[in-house]
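The model shown is predicted, which means the values in this text are computed figures rather than measured ones. The first residue of the sequence shown is numbered 1, and numbering continues consecutively from there. When a ligand or atom number is given, it counts from 1 through the structure's own listing order.
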Amino acid sequence: MILVTGGLGFIGSHTVVSLQEKGHEVLIVDDLSNSTIEVLKGIEAACGTRPKFQELNLQNSLGVAGIFKSHKITGIIHFAAAKAVGESVKKPIAYYQNNIGSLLNLLAEIQTLDKPIPFIFSSSCTVYGEAKTLPISERAAIQPAMSPYGNTKQVGEEILVDTVKALEGFKVISLRYFNPIGAHPSIAIGELPIGKPQNLVPFITQTAAGLYPKLTIFGNDYPTPDGTNVRDYIHVVDLAEAHVVALEHVLACKSTDAYEVFNLGTGKGSSVLEVIKSFERVSGQKLIYKIGKRRAGDVIAAYADTSKANEVLGWKTKRSLDEAVSSAWDWEKKIRGR
Ligand code: UD1
């Protein structure tokens with residue numbers, strides 16, 4: 001049974017669907033802090049199987065021990081973490097307690113097992129900061145984190161590096177995501193931002209749905225082709241599939257190193273204006289936007305060199321930006337009842 005922590009969240013729920021489609025049995029553990037129990041039904045609707053579920057915050061070490069006592073866990077995909085950059089600046093202690101505490105409790109249990117089990121960690125391209133060269137490969141330097149949230153990803157990776165050195169047979173893959181967007185084609189699951197969305201695509205779709213009068217582009221005076229920031233937007237289903245492939249890579253003992261890192265993106269950069277154009281194309285409607293000031297902490301451009309994941313994992317993205325944006329729009333219309 002594969003333990004998926006945070007399996008009711010955006011990337012987690014899509015990964016559970018992909019895992020179940022490949023025949024894996026799944027136990028989701030989620031504290032519902034940034035998700036709802038309804039997502040379980042959505043997962044079942046998307047793939048026909050309802051995963052096992054336990055409500056738990058992983059800071060509860062006794063609860064974590066209980067999971068391993070009650071189930072034969074053969075692998076872990078660890079998504080459960082708080083992820084709001086701005087909130088993390090205001091509540092650093094809560095972010096470190098939750099994101100680092102949860103990771104430590106899982107590792108403490110793994111170390112009591114007769115044989116360590118594969119561990120897939122949700123990391124982020126945020127660890128590269130403003131990279132010196134594009135596209136960004138896994139060899140790019142790690143830059144000082146710009147927020148406590150970003151630091152929890154860096155420290156999380158460091159903890160895993162130290163743990164694989166000490167724990168014989170422990171195999172870990174850290175997956176550094178670029179910008180996940182979109183929804184499952186069934187539109188039974190998708191992104192559910194709580195409150196005002198901070199990320200571009202949910203803000204576009206919510207603005208188009210009438211929740212906000214207009215979108216503000218955070219700066220158009222960057223040294224990029226059209227002046228707006230460039231990012232690598234990856235369809236969440238492509239990202240989900242990468243998790244299954246990474247897990248199966250370790251389960252099949254194909255890892256050459258105990259600790260491996262992969263960038264997960266499309267390899268293609270898109271500017272904010274290009275994403276807006278994509279939305280207008282797939283939705284057939286104009287988006288109202290204005291140019292505003294730069295947002296503090298934004299990097300100019302970031303997109304992935306995906307060759308390592310392509311070659312070592314044999315994984316490639318299959319879905320275009322238009323497909324991703326179109327699925328995000330279909331999901332938005334569904335949740336707004338339109
Ligand atoms: C953000 C986080 C990053 C996190 C990632 C994953 C910040 C500074 N960075 O990355 O740490 O790992 O999400 O979810 O919060 N934009 C607008 N108007 C908007 C919203 C966004 O112009 O209303 C622009 C941004 O300036 C940026 C691009 O859209 O250039 C993408 O923004 P966003 O979706 O927030 O992702 P990141 O900034 O890449």
(Q) Could you list the cluster mates of I291? Members are the ILVMFWY residues connected by side-chain heavy atoms closer than 4.5 Å, either directly or through other members. (A)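 ILVMFWY cluster around I291 also holds I181, L200, V201, F203, I204, L211, Y212, L215, I217, Y233, V272, L273, V275, I276, F279, V282, L287, Y289, L321, V325, W329.
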Q | ILVMFWY network linking I11 to V244, side-chain heavy atoms under 4.5 angstrom | A |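 Yes, same cluster.
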Who's the nearest protein heavy-atom neighbour of [atom], and how far?
atom	value
atom 1 (C) of ligand 1	N199 ND2, 3.7 Å
atom 26 (O) of ligand 1	D298 OD2, 2.6 Å
atom 16 (N) of ligand 1	F218 CD1, 3.6 Å
atom 39 (O) of ligand 1	R231 NE, 2.6 Å
atom 12 (O) of ligand 1	S124 OG, 3.3 Å
atom 24 (C) of ligand 1	V272 CG2, 3.8 Å
atom 35 (O) of ligand 1	R295 NH2, 2.9 Å

Is the shortest distance from a heavy atom of [X] to ligand 1 less than 4.0 Å?
X	result
Y289	no
G150	no
Y149	yes

Q.
On a heavy-atom basis, which atom in V250 and which in P118 lie closest, and how many Å separate them?
A.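 Where V250 meets P118 most closely, the heavy atoms are CG1-CB, 3.5 Å.
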Hey, which atoms in ligand 1 end up nearer than 4.0 Å to a heavy atom of [X]?
X	result
Q198	20 (C), 35 (O)
I217	22 (O)
L215	23 (O)

**Q.** Charged tip of R231 within 45° of F178 ring normal and under 6.0 Å
**A.**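 No, R231 does not sit over the ring of F178.
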Q: With K153 as the cation and F121 as the aromatic partner, state whether NZ or CZ is under 6.0 Å from the six-membered ring centre and within 45° of the axis.
A: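 Ring-cation test returns yes.
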Determine whether the side chain, the backbone, both or neither of [X] has a heavy atom under 4.0 Å from any heavy atom of ligand 1.
X	value
N179	side chain
K83	neither
Y233	side chain

Q) With a 3.5 Å cut-off and no angle check, do the side chains of H24 and E248 form a donor-acceptor pair? A)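 Their side chains do contain a donor-acceptor pair, which is all the 3.5 Å distance test asks for.
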Q: Run down the list V85, N229, N220 and name the one with the heavy atom closest to atom 9 (N) of ligand 1.
A: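 Comparing heavy atoms across V85, N229, N220, the nearest one to atom 9 (N) of ligand 1 lies in V85.
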Q: Can you figure out which of V127, T216, L200 has its heavy atom closest to atom 18 (N) of ligand 1?
A: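 It is T216 that holds the nearest heavy atom.
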Q: Not counting sequence neighbours, list each pair that qualifies as a salt bridge (Lys or Arg N to Asp or Glu O under 4.0 Å) and has a residue in residues 39-52.
A: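 Only E38-K41, E44-R50 qualify under salt bridge (Lys or Arg N to Asp or Glu O under 4.0 Å).
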Q | V26: which of V17, L19, T15 passes side chain to side chain contact (heavy atoms under 4.5 Å, CB included) | A |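 The option that passes is L19.
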Q.
Take a 6.0 Å sphere around NZ of K91 and say whether it holds more than 12 heavy atoms from other residues, nucleotides or ligands.
A.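 Check fails, neighbour count at 12 or below.
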Q. Can you tell me if CD on Q285 sees more than 12 non-hydrogen neighbours from other groups inside 6.0 Å?
A.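 Yes - once you tally the heavy atoms of other residues, nucleotides and ligands closer than 6.0 Å, there are more than 12.
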Q | Atom pair CG/CG of L106 and L3 - distance to nearest 0.5 Å | A |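 Reported value, rounded in 0.5 Å steps: 6.5 Å.
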